[in-house]
Amino acid sequence: MTAPDRFAGVRYVVDDVQAAIDFYTTHLGFTLRMSAAPAFADVVRGPLRLLLSGPASSGARATPADAAAAGRNRIHLVVDDLDAEIDRLRDAGLSFRSELVTGPGGRQILLGDPAGNLVELFQPAH
């Protein structure tokens with residue numbers, strides 16, 4: 001048995017690996033770990049390793065045709081000031097896929113990456 005990775009990995013199938021790299025590193029605080037664009041790249045933020053698989057990657061080729069579209073699942077990023085993040089991202093020309101939602105656990109809004117994968121920005125209730 002090998003030691004567990006220090007990252008938790010999530011794979012997103014994307015149409016354009018470079019556009020995905022730019023989106024996550026420019027707007028959401030990820031750091032590029034490795035790029036083999038246009039096929040594949042991975043970016044990290046804290047313990048999250050996001051695997052960006054382009055159409056030619058083995059990860060995309062292994063995805064069944066009926067699961068090829070971006071889905072309802074999403075990564076969940078905790079932020080300290082959701083209102084400031086919304087303003088910053090809108091100022092950068094990004095649009096959101098949902099309205100701001102408030103619940104007992106906190107507030108959240110959904111953003112779409114260039115391929116349509118969802119990213120949840122979440123501020124916990126205090």
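Position 1 is the first residue of the sequence, and the numbers go up from there.
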Query raised in the report: Around Arg88, counting heavy atoms of other residues, nucleotides and ligands shown, do more than 12 lie under 6.0 Å from its CZ?
Result: yes
Query raised in the report: For Asp81, does the CG atom sit with more than 12 other heavy atoms under 6.0 Å from it, leaving out its own atoms?
Result: yes
Requested in this report: Would you sort out whether Leu111 and Leu94 count as a side chain to side chain contact (heavy atoms under 4.5 Å, CB included), showing the intermediate values?
Outcome: CA-CA 8 Å; Leu111 182 67; Leu94 301 180; 4.2 Å; yes
Between [X] and [Y], which heavy-atom pair has the shortest distance, and what is it?
X: Tyr12; Y: Ile75; value: OH-N, 3.0 Å
X: Val17; Y: Ala41; value: CG1-CB, 3.7 Å
X: Pro124; Y: Val78; value: CD-CG1, 3.8 Å
X: Pro104; Y: Ala125; value: O-CB, 3.7 Å
X: Ala19; Y: Pro114; value: O-CG, 3.8 Å

Please examine the side chains of [Y] and [X], heavy atoms only from C-beta on, and report whether any two atoms are closer than 4.5 Å.
X: Leu121; Y: Leu28; value: yes
X: Arg97; Y: Leu118; value: yes
X: Tyr24; Y: Leu32; value: no
X: Leu77; Y: Arg45; value: yes
X: Thr31; Y: Val43; value: no
X: Val10; Y: Leu48; value: yes
X: Ile86; Y: Arg90; value: yes
X: Glu85; Y: His27; value: no

How far does [atom1] of [X] sit from [atom2] of [Y], to the nearest 0.5 angstrom?
X: Thr25; Y: Leu50; atom1: OG1; atom2: CG; answer: 11.5 Å
X: Ser35; Y: Leu52; atom1: OG; atom2: CG; answer: 9.0 Å
X: Ser98; Y: Gln108; atom1: OG; atom2: CD; answer: 7.0 Å
X: Asp42; Y: Arg49; atom1: CG; atom2: CZ; answer: 4.0 Å
X: Ile21; Y: Thr26; atom1: CD1; atom2: OG1; answer: 10.5 Å

Query raised in the report: Is Asp16 reaching over with its side chain to a backbone N or O of Ala115, donor-acceptor style, under 3.5 angstrom?
Result: no
Report summary line: Excluding Phe40, membership of its hydrophobic cluster (Ile, Leu, Val, Met, Phe, Trp, Tyr; side-chain heavy atoms within less than 4.5 Å) reads Met34, Leu51
Query raised in the report: Hey, any chance Leu100 and Phe96 share a hydrophobic cluster, counting ILVMFWY side chains that come within less than 4.5 Å of each other, even indirectly?
Result: yes
Query raised in the report: Are Phe30 and Leu89 joined in one hydrophobic group, where the rule is that I, L, V, M, F, W and Y side chains link up if heavy atoms are under 4.5 Å apart?
Result: yes
Query - ring-ring contact (aromatic ring centres under 6.0 Å, His included) partners of Phe122, counting only residues at least two apart - result: His76
Query raised in the report: Which residue pairs satisfy the salt bridge (charged side-chain N to carboxylate O under 4.0 Å, His left out) criterion with at least one member in residues 103-113, sequence neighbours excluded?
Result: Asp83-Arg107
